[in-house]
Amino acid sequence: MGKSKRNSPKPDSNRAQRLAERRAEQASRGVTRPFAGLAAECDLVALREFVPSATATLRTAPGFAAKRPVTLATVLPGAVAALVRAAAEPVGFVAAQVQFQSENPAADLAAAIAWTQAAEPGESLNSAADAEVATEALTEVLDPSAGLDLTVHQDFNWWVPEGVQPDPQVASTIEQANQAIMPSDRLRLDADAIGAAWWVDAGEKAHLRWVRPEDEDALMLALARLHASGGLHLGEGSRFAGSFRTHGLLVPVFDLDREQHATEWVKPATEFGARLSEALASDAPLTPDERRSRDGLRSRQVTLR
């Protein structure tokens, strides 16, 4: 899908020194909540952490001089940061899941997007740290008000343009990736639904991971209120499994009956979302039962990043 970027820097070159300095600068700008300020924050976190295969055409900020369209993908061949697909009208691709990354994934993504605008068709970028571009804040590269118009794939066949016959090595790589993929989907909730709820069939059971944008402590208290009142569930065939923290957000996780498809969980998830909103709006002191629930939920919480 793309060839390696030309002119890799030699270890003793000025360019290598500049790139090393840029990597150090990126690492020093690590942030707890890198995608804050973007309407797409929850989906960006989901694509980075657990969605197997999805794409979305990005809407760039009005002040960003885009020369070609850019598609965000969960992962690209070779786990590269970006590539430019050769076509009559070249298209840039940037990845959420990459092999090499700094402590600031938002800065990495911004650099990768900028790189696609000047790179030659057929080139790929192994690491955002290798992108010799001026780094802007991601909120200045992407339209902060735009969500992601996602296409969820159940395979990686989109790695090769339609009508193109891949060489045997690429075809083998795609086949191996397709065999390992887990069926996934994003729940189509109401337009006013908060966060990003993703369903996955993991084999023995299915899961719902709901990336939420609320303050972590406030969300934990709301979950504790629901747990104490018996409302921390998605109905029959579901069980609250715990939560994990990543990129400054809290992600509740439910185990689900895998015999039910993602669409069958839309109504229960909508009802749970309403209960959670009501619990979030409460400012009453926690009861003894709610405090015990909070402590129990916290003890089962995992931090990923």
Can we say [X] and [Y] salt-bridge, meaning some charged N sits less than 4.0 Å from an Asp/Glu carboxylate O?
X: Arg294; Y: Glu290; value: no
X: Glu216; Y: Arg245; value: yes
X: Arg186; Y: Asp43; value: yes

For the residue pair [X] and [Y], establish whether any side-chain heavy-atom pair is separated by less than 4.5 Å.
X: Arg300; Y: Ser243; answer: no
X: Phe244; Y: Val253; answer: yes
X: Glu41; Y: Leu249; answer: yes
X: Arg212; Y: Pro252; answer: yes
X: Val251; Y: Thr246; answer: yes

Output yes when a side-chain donor or acceptor of Asp201 lies under 3.5 Å from a complementary backbone atom of Pro183, and no otherwise.
-> no
Run through the side-chain heavy atoms of Ile, Leu, Val, Met, Phe, Trp and Tyr, join any pair under 4.5 Å, and report what else lands in [X]'s cluster.
X: Phe272; answer: Leu187, Leu189, Trp199, Leu208, Trp210, Leu219, Met220, Leu223, Leu226, Leu232, Leu234, Phe240, Leu250, Phe254, Leu256, Trp265, Val266, Leu276, Leu280, Leu297
X: Leu221; answer: Leu286
X: Met182; answer: Val200

Result of checking Leu142, Val94, Val141 against Val70 for side-chain contact (heavy atoms from CB on, under 4.5 Å) | Val94
Sorted by chain and residue number, the side chain to side chain donor-acceptor pair (under 3.5 Å) partners of Arg188 (sequence neighbours excluded) come out as Asp185
Residues two or more places apart in sequence or in another chain: which of them pass side chain to side chain donor-acceptor pair (under 3.5 Å) with Ser238?
-> none
When you check the side-chain N and O atoms of Ser53 and Trp158, is any donor under 3.5 Å from an acceptor?
-> yes
Among side-chain atoms of Arg48 and His247, is any donor-acceptor pair under 3.5 angstrom?
-> yes
Of all residues at least two apart in sequence or in a different chain, which pass the salt bridge (Lys or Arg N to Asp or Glu O under 4.0 Å) check with Arg292?
-> Asp289
